[in-house]
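The structure appears right after this line, and notes come after that.
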Amino acid sequence: MKKVLLAAVFLTGFSYSFAQESKTKSIDPKEDKNLMMWYHKDFATSKVYGVNTENAYKYLESKGLKPKTVIVGVLDSGVQVDHPGLVKNMWTNPNEVPGNGKDDDGNGYIDDIHGWNFIGGKNGDIGIDNMEVTRVVAKYQPIFEGDDSTKNKANQAQMPEEFAMYMKAKGLFTKKSIEAKQNFQTYSMINDLIPNMVKLLAGKSVTAENISAIKKPTEQKDAIALEILGQVSQGPEFKGKSSAEFEKLMKEQMKEAIDHYAPSAKQYDLSYDPRKEIVGDNYDDYSEKNYGNNHYEGPDAEHGTHVAGIIAGLPQGKEIQHGIASKVAKIMTVRAVPDGDERDKDVANAIRYAVDNGAKVLNMSFGKPVSPGKNVVWDAFKYAEDKGVLLVKAAGNENEDVAEHLAYPTNFKNVTDEKPFVNNVIVVGASTNDNNALRASFSNYNKKMVDVFAPGERIYSTVKGSKYEYLDGTSMASPVVAGAAAVLLAYMPNLKPVQIIEALKKSSNLSTSNGFSDFSGAGGVIDVKKAAEYAYNNFYSGTKAPVVKKATKAVRK
């Protein structure tokens with residue numbers, strides 16, 4: 001899920017804190033190479049909770065290990081496969097002839113050169129789709145709250161699980177649809193106030209001194225504009241900018257925000273359903289798998305391209321950005337996430353496609369509160385487990401305890417279960433580069449159901465249009481872990497998913513600040529070098545199968 005950069009500024013009473021940028025306030029983030037690559041740092045030497053990327057490679061190479069390429073499946077919104085920072089690290093199907101219109105490898109998917117798109121068809125590609133709560137309300141409202149009250153009660157009694165899901169979805173649908181509308185109106189209002197802000201600046205630069213010298217306006221719009229100016233002046237992207245630069249940046253940021261919330265009109269429209277016309281499958285038939293097309297990018301590949309870059313982006317031109325596993329991974333793109341909620345049928349098929357075509361790590365930066373087809377997704381989880389494939393899942397961005405607010409797909413069939421039903425899933429929360437606020441304010445958490453944390457705030461990576469941007473979210477933290485897993489697996493290919501998960505958890509850099517130790521099973525932020533040491537010392541046995549040893553207790557720092 002993409003987070004809008006200025007959301008916290010304007011939707012929390014103009015109180016966003018830029019404390020995490022205290023060392024770089026005078027530097028534009030687009031020019032700040034230290035900020036761009038903070039998530040690679042070594043905690044031991046920098047005291048910043050990065051993941052120690054380069055030292056991991058040095059350690060593994062010091063042991064005389066030679067890496068093998070690891071295919072990482074990115075189940076997401078699509079990937080710009082010709083992005084200059086990604087093109088050399090895209091997976092290419094060795095058994096498919098490009099562009100001949102034939103299914104050369106006989107896997108049921110024609111010309112699947114770099115992956116597949118399960119939310120497209122001969123009539124195009126799905127961009128905006130419903131939220132899952134919308135689909136559930138649309139389907140079950142006539143059944144449980146139709147015109148015949150007697151029939152309603154009978155259906156409720158006969159379908160208790162579906163009725164419980166419907167009532168949950170209905171409550172969320174009502175709340176979220178109102179919030180989305182309000183957010184759209186708020187950002188639209190701020191966008192309309194940009195000329196007022198520029199007028200108040202009167203050609204001067206954006207500094208606290210210049211803004212404090214502005215006489216308090218009598219007009220309400222100008223008064224609101226001045227309040228926004230006062231907060232924006234604290235941000236590193238705006239501080240010190242000229243009036244013209246400020247206007248340009250504000251218009252860009254507000255366009256991003258408005259574009260983010262504008263689709264909600266369709267996402268929460270009970271009558272909107274693009275599936276049948278565009279994809280053309282029988283959606284209710286979960287056994288159906290041969291549908292879609294090979295449009296890897298789709299209408300909006302920003303999110304998926306950013307995720308792919310975090311895993312395997314390569315430096316190019318003036319850009320220094322590189323992914324955690326840039327030296328060892330190839331990206332297989334499997335498009336299954338629209339601008340809205342992913343559908344369970346597509347998620348299950350995406351997992352099976354990636355597994356069947358050689359991916360050993362799958363990144364899943366998506367989630368939703370209800371899941372009508374959760375059983376078919378769980379079957380796919382088990383299929384991946386049986387094939388020895390690791391699934392890396394984002395915890396979600398609602399600032400909630402996931403035991404109280406489930407974020408599907410989940411590896412726990414019931415919240416009360418002591419252990420997950422499969423052993424190949426690692427769930428990831430998002431951390432920051434501020435040690436005093438290590439859990440990102442948006443990140444979900446739970447000591448049992450979230451395994452580890454990884455950098456997920458102010459993450460610089462590839463985006464569509466051959467560009468680079470900062471994005472926030474557990475969506476960004478998850479691919480950091482997927483990349484870390486790929487590094488371990490490249491040098492120690494016999495590692496099992498359960499061993500990779502244990503290595504990452506047991507070697508995390510721990511913190512007790514502000515209760516951070518209780519937010520995940522690991523109680524810390526992953527460290528790839530330490531995980532490599534742990535895996536090598538406990539599980540690696542050369543060409544022999546890994547020997548599972550009893551886990552050692554982590555030492556709290």
Pairwise salt bridge (Lys or Arg N to Asp or Glu O under 4.0 Å) hits with a residue in residues 342-354, at least two apart | D129-R343, D273-R343, R275-D346, D281-K345, E288-K345, D344-K368

Sequence neighbours left out, what passes salt bridge (charged side-chain N to carboxylate O under 4.0 Å, His left out) with K289? Give chain and number order.
-> none

Side chain to side chain donor-acceptor pair (under 3.5 Å) partners for N411, two or more places apart = none

Which salt bridge (Lys or Arg N to Asp or Glu O under 4.0 Å) pairs, counting each pair once, include a residue from residues 49-61, with sequence neighbours left out?
-> E54-K327

All ring-ring contact (aromatic ring centres under 6.0 Å, His included) counterparts of F412, not counting sequence neighbours | none

Checking K419 against F421: charged group under 6.0 Å from the ring centre and within 45 degrees of the axis?
-> no

Qualifying residues under side chain to side chain contact (heavy atoms under 4.5 Å, CB included), relative to A44, sequence neighbours excluded = D42

Among all residues two or more places apart in sequence or in another chain, which pass the side chain to side chain donor-acceptor pair (under 3.5 Å) test with E96?
-> none

Salt bridge (Lys or Arg N to Asp or Glu O under 4.0 Å) pairs, two or more places apart, involving residues 62-71 = none

Partner set under side chain to side chain contact (heavy atoms under 4.5 Å, CB included) for A486, not counting sequence neighbours | V70, V72, A325, A329

Partners of D356 by side chain to side chain donor-acceptor pair (under 3.5 Å), sequence neighbours excluded?
-> Y383

Name all pairs fulfilling the ring-ring contact (aromatic ring centres under 6.0 Å, His included) condition that reach into residues 486-515, sequence neighbours left out, sorted by first residue then second.
-> none

With sequence neighbours excluded, what pairs up with Y445 under the side chain to side chain donor-acceptor pair (under 3.5 Å) test?
-> none

